[in-house]
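Report on the following structure.
Predicted model only: the values in this text are computed from it and were never measured.
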Amino acid sequence: QVQLVESGGGLVQAGDSLRLSCAASGRTLSGYIMGWFRQAPGKEREFVAGISRFGSRQLYADSVKGRFTISRDNAKNTGYLQMNSLGPEDTAVYYCAVGLREAAVRDQNEYRDWGQGTRVTVSS
């Protein structure tokens, strides 16, 4: 089992940037794909971004493409989500997760371990 801890959330204004981090322990992160998901108030959790084991492939939800960048540093056992040009629609609790199947990076049911989430609030 991989333990994941997100950090970096907070309250920002529209147009600002944040970088979320996801620190992993218990297993070597390079053995897993990593994904970021978010859940806005009153909505279901949705895919935001995913990255392959060694970072060569990234996928994004259409809603964040061009604004968010997912990355990872396997040497530090940490993943990141750089979020630029934030808007109120990005307000949510953000979760990182790890899984095994690169072909299913968008499918949250394929992820085996999850962090507790970090809250991002964007004011207009």
Side-chain angles (χ1 to χ4, degrees):
Q1 186 176 8
V2 181
Q3 290 78 45
L4 301 169
V5 178
E6 302 95 336
S7 61
L11 172 63
V12 297
Q13 293 186 333
D16 285 351
S17 298
L18 277 177
R19 188 175 83 153
L20 306 183
S21 298
C22 176
S25 62
R27 295 286 178 93
T28 302
L29 191 60
S30 60
Y32 302 89
I33 62 168
M34 173 176 279
W36 285 92
F37 295 81
R38 67 186 181 186
Q39 187 166 19
K43 295 186 177 181
E44 294 191 354
R45 189 165 59 188
E46 63 176 2
F47 170 78
V48 175
I51 189 167
S52 57
R53 285 176 172 77
F54 296 98
S56 60
R57 181 171 175 244
Q58 304 92 39
L59 288 174
Y60 298 92
D62 288 344
S63 59
V64 307
K65 200 173 295 183
R67 299 188 298 122
F68 290 12
T69 303
I70 188 172
S71 62
R72 63 193 295 165
D73 186 339
N74 288 340
K76 295 182 178 179
N77 244 28
T78 302
Y80 305 96
L81 185 68
Q82 176 68 41
M83 307 187 295
N84 298 330
S85 301
L86 286 162
E89 68 277 10
D90 297 312
T91 294
V93 177
Y94 284 72
Y95 300 89
C96 67
V98 294
L100 297 175
R101 292 184 61 216
E102 293 198 8
V105 68
R106 294 179 183 269
D107 185 353
Q108 58 183 298
N109 294 317
E110 291 290 333
Y111 286 80
R112 51 184 292 171
D113 296 307
W114 292 78
Q116 82 292 346
T118 185
R119 186 175 300 277
V120 173
T121 303
V122 185
S123 64
S124 57

Shortest non-hydrogen contact from [X] to [Y]?
X: Ala14; Y: Ser124; answer: CB-CA, 4.3 Å
X: Leu100; Y: Gly31; answer: CD2-O, 3.8 Å
X: Ser21; Y: Thr78; answer: CB-CG2, 4.4 Å
X: Gly79; Y: Leu29; answer: N-CD2, 4.2 Å

Leu20-Val93 co-clustered via ILVMFWY side chain contacts under 4.5 Å: no
What's the spacing between [X] [atom1] and [Y] [atom2] if we round to 0.5 Å?
X: Met83; Y: Leu18; atom1: CE; atom2: CG; answer: 4.5 Å
X: Ile51; Y: Ser56; atom1: CD1; atom2: OG; answer: 8.0 Å
X: Glu89; Y: Arg38; atom1: CD; atom2: CZ; answer: 7.5 Å
X: Gln13; Y: Ser123; atom1: CD; atom2: OG; answer: 5.0 Å
X: Glu110; Y: Glu102; atom1: CD; atom2: CD; answer: 12.5 Å
X: Tyr111; Y: Leu4; atom1: OH; atom2: CG; answer: 11.5 Å

Do [X] and [Y] come close enough that some side-chain heavy atom pair is under 4.5 Å?
X: Cys22; Y: Met34; value: yes
X: Tyr60; Y: Val48; value: no
X: Ser30; Y: Arg53; value: no
X: Gln1; Y: Arg27; value: no
X: Ser17; Y: Asn84; value: yes
X: Asp113; Y: Gln3; value: no
X: Arg19; Y: Leu81; value: no
X: Asp107; Y: Phe47; value: no

If only atom types and distance count, is the side chain of [X] paired as donor or acceptor with the main-chain N or O of [Y] below 3.5 Å?
X: Arg72; Y: Ser52; result: yes
X: Glu6; Y: Cys96; result: yes
X: Thr91; Y: Val122; result: yes

Tyr95 six-ring face occupied by Arg45 cation (under 6.0 Å, within 45°): yes
Pair Tyr80-Ile70, side-chain contact (heavy atoms from CB on, under 4.5 Å): steps then yes or no: CA-CA 6 Å; Tyr80 305 96; Ile70 188 172; over 6 Å; no
Criterion ring-ring contact (aromatic ring centres under 6.0 Å, His included) on Trp36 and Phe68, from CA distance to verdict: CA-CA 11 Å; Trp36 285 92; Phe68 290 12; 9.9 Å; no
Ion pair Arg67/Asp90, N-O distance below 4.0 Å: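 Looking at Arg67 and Asp90, the cut-off is met.
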Identified side-chain contact (heavy atoms from CB on, under 4.5 Å) counterpart of Val2 within the set Val98, Thr28, Asn77: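 When Val98, Thr28, Asn77 are each tested with Val2, the side-chain contact (heavy atoms from CB on, under 4.5 Å) holds only for Val98.
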Aromatic plane relationship, Trp114 with Phe37 - under 30° parallel, 30 to 60° tilted, over 60° perpendicular: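 Judged by the thresholds at 30° and 60°, the geometry between Phe37 and Trp114 is tilted.
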